[in-house]
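Atom set for the values below is all heavy atoms of this structure, side chains included, hydrogens, waters and symmetry mates excluded. Please read all numbers here as calculations on a predicted model, not as lab measurements. Letters go in sequence order (proteins before strands), and every chain restarts at 1.
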There are 2 protein chains.
Amino acid sequence: MSTMVWRDDSGRSLADWPRPSVAVDVALLTVRDGRLAVLVHRRTDGYAAGAWSLPGTFVHEHERLADTALRALRDKAGVGGQRPEQLGVFDDPRRDARGRVLSVAHVDLVPADRLPDALLVPVVDGRAELPDGGDLAFDHGLILRRAVDWARALYRDRPDPRGLLPAVEFTLLDLLRLHEAVLGEELQKDTFRRRMLAGLVETPGRSRGSVGKPARLFRRIDGDGDVRDLTAPRE
Amino acid sequence: MSTMVWRDDSGRSLADWPRPSVAVDVALLTVRDGRLAVLVHRRTDGYAAGAWSLPGTFVHEHERLADTALRALRDKAGVGGQRPEQLGVFDDPRRDARGRVLSVAHVDLVPADRLPDALLVPVVDGRAELPDGGDLAFDHGLILRRAVDWARALYRDRPDPRGLLPAVEFTLLDLLRLHEAVLGEELQKDTFRRRMLAGLVETPGRSRGSVGKPARLFRRIDGDGDVRDLTAPRE
DNA sequence: GGAATAGTGTCTCTGAGACAATATCTA
DNA sequence: TAGATATTGTCTCAGAGACACTATTCC
């Protein structure tokens, strides 16, 4: 790697050409109280102060985009992400009145216990239910909708790829409730059981302390958390 | 819209922050001689002269990315695109030795008769067969692979969403050969017929001038060309 | 025993895929 | 008529979905 700045025939470097600003906005999803929720951020200073938005920040010069996403979560909301995935670039020229800002939207999905309750709002029908009843700033409503689609596709055929269940061992009912929260619709017990069984490992244990027949405990198959999401952009 | 430049509390505008360069690279695919082919571009001047690459260019300040893609095709290869779709951002910090360049990869798929034969190379197994037997510059090999996956997903359940067939009316065998070219594998006639029939309109016409029973002629159902690709980024 | 929940048997429906029979043209 | 291609009938297989029956626990 050379430290010299590359210049073309007319002596210009890349920095001499006009460039848009590049931001990364992150829809950090989780499941709380049996519902999908998204982490939002009250803009305190600078542009659009007072409005609710997804956490976002501008890309640093030598940073990978996924790292930008993690940094946005840390700096703007004080939370850690898990594995941000790219959703796409939002490029409407008028999406930010400050000037030309491209947003590389990201999504992540983490257990709720790592997140401050105060910043989470429920997602109903693909929309964020903000305290003031309004909408997310910029085009973040569009980003959220795409993020929800992403999460639903990710969970449709896999038990728990992002490790949202609190314990290592869980019953099929625990898993069913998680999936109902992500999908936003009710599922059939028997069909669901058969669909998930291939991705689970039986354990000798049984659930305790409830009414009715104790349920068998399962754990995720090795590698379930590492399954690639084939629909998401990845370099 | 104000023409004033926005400034934050410390008087800085967006342009005062470091920004990466943003390029758009386009995998323009077509079908020629019963095979998928990609349009490549011999870099003549500037960086990496002499190497083969996908056509690409830097984003202008107030341009939509899809327009950047069309401009790259026009300026670098003198061809027109149809409807570029975003594949994702390639952000490896070392993907371009000149400096930090993000590439928003795009893909497009157009009939071969609009393209100069000299710039087309066959795509075999997701790789471009370049005249010198080498590889595409930068990470364009990765972009091409993703572009091929995109095209295959687009054609799997639809007759001819990008209008690659030369005539308005065509037989099912014409369509079958097109699909075999895109998918890179042979298909069963009867299964294929039944899968496609829902998206086609029968015409009274029959094929002429061949051996065997003349085949019925079909045309695309209205709107087939406008089918949204739900997997591709879209704002 | 009764209530509640877990787990299984089985039926239907749909679609993919494959094979083969029938239909209709040209030479 | 022979050869070639188009079109359709039908069989199998797999999976989703739904219903209902059986099993096992706590009270």
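The distance from atom CG of L176(A) to atom P of dG17(D) is 13 Å, rounded to the nearest whole Å. Between the CG atom of L183(A) and the P atom of dG17(D) there is a distance of 11 Å, given to the nearest Å. Counting to the nearest Å, the P atom of dA6(C) and the CG atom of D174(A) are 9 Å from each other. The separation between F192(A) atom CZ and dG15(D) atom C1' is 17 Å, rounded to whole Å.
By the 4.5 Å heavy-atom criterion applied to side chains, W52(B) and D135(B) are not counted as neighbours. With contacts defined as side-chain heavy-atom distances shorter than 4.5 Å, the pair E63(A)/D91(B) does not qualify. With a 4.5 Å cut-off on side-chain heavy atoms, L172(A) and L200(A) count as touching. Counting heavy atoms from C-beta outward, R32(B) and D117(B) have side chains that approach closer than 4.5 Å. In this structure the side chain of D174(A) never reaches within 4.5 angstrom of the side chain of F218(A), judged on heavy atoms. Contact check for L176(B) versus R193(B): no side-chain heavy atoms found under the 4.5 Å cut-off.
At dG17(C), none of the side-chain N or O atoms of Q188(B) fall inside 4.0 Å of OP1 or OP2 (strictly under the cut-off).
In terms of position on DNA chain C, the residue among R208(B) and L197(A) whose nearest nucleotide sits closer to the 5' end is L197(A).
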Report, one pair per line, the protein and nucleotides 3-7 of chain D atoms (nitrogen or oxygen only) whose separation is under 3.5 Å.
{"unit_1": "dA6(D)", "atom_1": "OP2", "unit_2": "K189(B)", "atom_2": "NZ", "d": "3.4"}
{"unit_1": "dT7(D)", "atom_1": "OP1", "unit_2": "R216(B)", "atom_2": "N", "d": "2.8"}
{"unit_1": "dT7(D)", "atom_1": "OP2", "unit_2": "R193(B)", "atom_2": "NH1", "d": "2.9"}
{"unit_1": "dT7(D)", "atom_1": "OP2", "unit_2": "R193(B)", "atom_2": "NH2", "d": "3.3"}
{"unit_1": "dT7(D)", "atom_1": "O5'", "unit_2": "R193(B)", "atom_2": "NH2", "d": "3.1"}

